[in-house]
Structures are given as structure tokens and as C-alpha cells.
A.B. asks: 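Structure in C-alpha cells, see below.
Numbering starts at 1 and runs along the sequence shown.
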Amino acid sequence: MNVLYFAWVRERIGVPRESIETNAATVNELVQELRDREERYAAAFADTSALRVAVDQELTGFDASLDGVQEVAFFPPMTGG
């Protein structure tokens, strides 16, 4: 699956996207796998309440299933202006 990172999430992790193999069933499980990888991921996902997630380009929650998913994107909440 492709995992995309935007804004400060990308800055903390150091890459805009990556292709990963995962056994995670939900976004929450994927986040935990990423946190366990190394410190830069742990820092980026330390407070998931400060993040939004899209699964196959649909805004969703962290409890969303990853069954058949091709892309997950993480980004901070957007503000108008």
C-alpha cells in the first residue's frame, strides 16, 4: 500500500510517500506499526488527535478498515484563510 505524508508529518518522517507491506487491519494498527519502526515515526504519530487520515482519498477515522486499500494519507487539519 502507498502511504502519503503531508505538511509537518512529512517533515518529521522525512519522506513524502512510501510503499509499505503491512498486516494492519485498521488505520490505528498501521499507525502503531509505523510508530514502532523508529523514532521519527513515533514523533510524527505521537498525538493522532492532531492528524487527519484519508483512505483511498476519502476522509475517514483511524478505526477505518484497510481491507483492499491502496492508499492511506496522513495530514494535519486544514484551516481556511
Side-chain angles (χ1 to χ4, degrees):
M1 119 181 12
N2 290 315
V3 181
L4 310 170
Y5 309 107
F6 294 93
W8 58 260
V9 183
R10 177 182 59 225
E11 291 170 11
R12 289 181 187 171
I13 292 174
V15 296
R17 69 172 52 229
E18 59 188 328
S19 180
I20 65 167
E21 297 281 332
T22 181
N23 293 319
T26 65
V27 174
N28 276 322
E29 290 178 17
L30 174 62
V31 167
Q32 190 57 53
E33 280 184 15
L34 293 170
R35 279 184 187 136
D36 292 345
R37 278 183 158 188
E38 54 188 271
E39 183 56 38
R40 63 188 173 133
Y41 292 93
F45 294 107
D47 180 10
T48 57
S49 70
L51 291 173
R52 299 295 175 262
V53 62
V55 172
D56 286 340
Q57 300 184 4
E58 295 283 334
L59 193 60
T60 189
F62 283 80
D63 58 345
S65 171
L66 294 179
D67 187 37
V69 167
Q70 303 219 355
E71 179 184 273
V72 177
F74 296 100
F75 49 92
M78 298 188 223
T79 59

A.B. asks: Parallel, tilted or perpendicular: which one describes the rings of Tyr41 and Tyr5, with boundaries at 30° and 60°?
C.D. replies: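 Ring orientation, 0 to 90° scale: perpendicular.
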A.B. asks: Hey, could you give me the CD1/CG distance between Ile20 and Leu30, rounded to the nearest 0.5 Å?
C.D. replies: 4.5 Å
A.B. asks: Quick one: does any side-chain atom of Arg35 pair with a main-chain N or O of Phe45 as donor and acceptor, under 3.5 Å?
C.D. replies: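 Here the side-chain-to-backbone pair exists.
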A.B. asks: CZ/Arg52 to CZ/Phe62 distance, rounded to the nearest 0.5 angstrom?
C.D. replies: 8.0 Å
A.B. asks: Hey, could you give me the CD/CG distance between Glu71 and Leu4, rounded to the nearest 0.5 Å?
C.D. replies: 4.0 Å
A.B. asks: With no hydrogens and no angle check, just 3.5 Å: does a side-chain donor-acceptor pair link Gln32 and Asn28?
C.D. replies: no
A.B. asks: Are Leu51 and Leu59 grouped together when hydrophobic residues (ILVMFWY) are joined by side-chain heavy atoms under 4.5 angstrom apart?
C.D. replies: no
A.B. asks: When rounded to the nearest 0.5 angstrom, what distance separates CZ in Arg17 from CZ in Phe6?
C.D. replies: 7.5 Å
A.B. asks: A quick test of your reading: do over 12 heavy atoms of other residues, nucleotides or ligands sit less than 6.0 Å from CD of Glu38?
C.D. replies: yes
A.B. asks: Please say whether more than 12 non-hydrogen atoms of neighbouring residues, nucleotides or ligands are located less than 6.0 Å from CG in Asp36.
C.D. replies: yes
A.B. asks: Check each of Asp63, Val53, Val69 against Val27 using the side-chain contact (heavy atoms from CB on, under 4.5 Å) test, and report the only one that passes.
C.D. replies: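 One option only clears the test, and that one is Val53.
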A.B. asks: I need the minimum non-hydrogen distance between Thr48 and Val31, along with the two atoms involved.
C.D. replies: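 What the structure gives for the nearest pair is CG2-CG1, 4.0 Å.
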A.B. asks: How far does CG of Asn23 sit from CG of Leu66, to the nearest 0.5 angstrom?
C.D. replies: 11.0 Å
A.B. asks: Within the distance-only criterion (no hydrogens, no angle test), does the side chain of Asp56 pair as donor or acceptor with the backbone N or O of Gln70 below 3.5 angstrom?
C.D. replies: yes
A.B. asks: Under a 4.5 Å cut-off applied to non-hydrogen side-chain atoms, are Val9 and Phe75 in contact?
C.D. replies: no
A.B. asks: Which atoms form the tightest heavy-atom contact between Thr60 and Ala64, and what is the distance?
C.D. replies: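 Closest approach of Thr60 to Ala64, heavy atoms only: OG1-CB, 3.3 Å.
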